[in-house]
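Just so you know, residue 1 is the first one in the sequence shown, and it goes up from there. Both backbone and side-chain heavy atoms feed into the values below; hydrogens, waters and symmetry mates do not. If you're wondering where the values come from, they're calculated on a predicted model, not measured in any experiment.
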Amino acid sequence: GASFIGFAGFTLVMPFLPLYFLELGVTDVGEIALWSGLTLGVTPAMTAVLGPLWGKLADRFGRKLMVERSIVSFVLIMAAMSWATEPWHVFGLRVVQGFFAGYGALALAMAAESAPAGKMASAIGTVQTAQRLGPALGPVIGGAIATFVPLRQAFLVASAFYVVGFVLVLVLYREPPRAARGAGRQAALPMRAVAGLPDMWRLMTVIFAIQFVERSFGPILPLYLGSVAGAREDVALVSGVLFSLTAGAGAVGNVAAARWLA
């Protein structure tokens, strides 16, 4: 539930960053696309770099605390974005967000360690589906909200989504004792051994290429729709529907692939 709400809250506003930069006074299409690409990319880039650090801290202090820390940062930073007056303000906040983000992978680990015996794969698949369904619904919800309230206020709505996710984790999630978390855990392979697995680099290259192509559409889709449709008020809504269709297809594919692999 927290993963679904959190991912929905993120995609509530992030796909519409190009339109927000337009509101902030950036008029050149190329400049808007550049700011959008940098702003959308900096947080996952920093998350990838800092992921091992947060993973070690989670092993030491507990994953629940690390997830709560991450969600609280999203609450504050999303709200702060509604007061941005310059493009670099949004970019800077996304940089800060990158320091504290990354609870998606921790949520999968929490699902794995909390699952009953024999249900680990099902628990992980359920959380992954929730993480896919959130982006499937978030953009269309955000697009609908953008037709009634300014984009600036939509950031506050996204912040409220994260508040709900934080409450779910704080109140409802019960973290297993440390001894129980370690029981039965297989020894982790060192990174050098993982990198040496057959065809690992080929697989990583394919995944990177797919993600590179898929993510490249985000910063330019609203701009493209605006150039095709003109200054229509429903550009945000149409963009949200298209983003949701793509993410929804990914959720369906995730479920189908899980069944085929079983």
Side-chain angles (χ1 to χ4, degrees), residues 1-15 40 43-44 47-48 51 54-55 58 63-64 66-68 70-71 74-75 78 97 101-145 157-158 160-176 181 185 203-204 206-215 217-218 221 239-262:
S3 290
F4 171 79
I5 292 173
F7 278 68
F10 177 80
T11 55
L12 200 72
V13 289
M14 285 300 125
L40 288 171
T43 298
T47 300
W54 293 124
R63 294 185 176 91
K64 179 177 179 178
M66 291 297 103
V67 169
E68 291 171 343
S70 179
I71 295 178
F74 274 73
V75 171
M78 283 292 188
Q97 197 171 44
Y103 77 89
L106 291 177
L108 295 177
M110 291 165 68
E113 70 182 13
S114 303
K119 297 292 185 180
M120 180 184 296
S122 176
I124 293 175
T126 300
V127 175
Q128 286 181 322
T129 300
Q131 292 178 350
R132 282 285 191 171
L133 286 176
L137 296 179
V140 71
I141 295 173
I145 291 175
V157 178
F161 267 63
Y162 283 104
V163 171
V164 176
F166 173 78
V167 172
L168 284 177
V169 176
L170 177 67
V171 176
L172 298 181
Y173 181 77
R174 297 291 181 267
E175 190 166 42
R181 295 202 305 267
R185 182 183 297 174
L203 178 61
M204 292 175 61
V206 170
I207 293 175
F208 176 83
I210 293 173
Q211 292 289 327
F212 183 86
V213 173
E214 179 185 356
R215 302 293 180 180
F217 291 109
L221 180 59
S239 300
V241 170
L242 293 176
F243 279 118
S244 293
L245 287 174
T246 303
V252 172
N254 186 69
V255 175
R259 291 182 177 178
W260 291 335
L261 288 172

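Residues Gly165 and Ile5 come closest through the heavy atom pair N-CG2, 4.0 Å.
Atom CG of Leu12 is separated from atom CG of Leu137 by 11.0 Å, given to the nearest 0.5 angstrom. Rounded to the nearest 0.5 Å, atoms OG (Ser3) and CG (Leu168) are 10.0 Å apart. A distance of 8.0 Å separates CZ of Phe161 from CZ of Phe4, quoted to the nearest 0.5 Å. Rounded to the nearest 0.5 angstrom, Tyr173 OH and Glu68 CD are separated by 10.5 Å.
Looking at Lys64, its side chain never comes within 3.5 Å of a backbone N or O of Arg174 through a donor-acceptor pair. No side-chain donor-acceptor contact under 3.5 Å links Ser70 to the backbone of Met66.
By the 4.5 Å heavy-atom criterion applied to side chains, Leu108 and Gln131 are counted as neighbours.
The side chain to side chain contact (heavy atoms under 4.5 Å, CB included) with Thr129 is formed by just one residue from the set Leu133, Thr126, Val127; it is Leu133.
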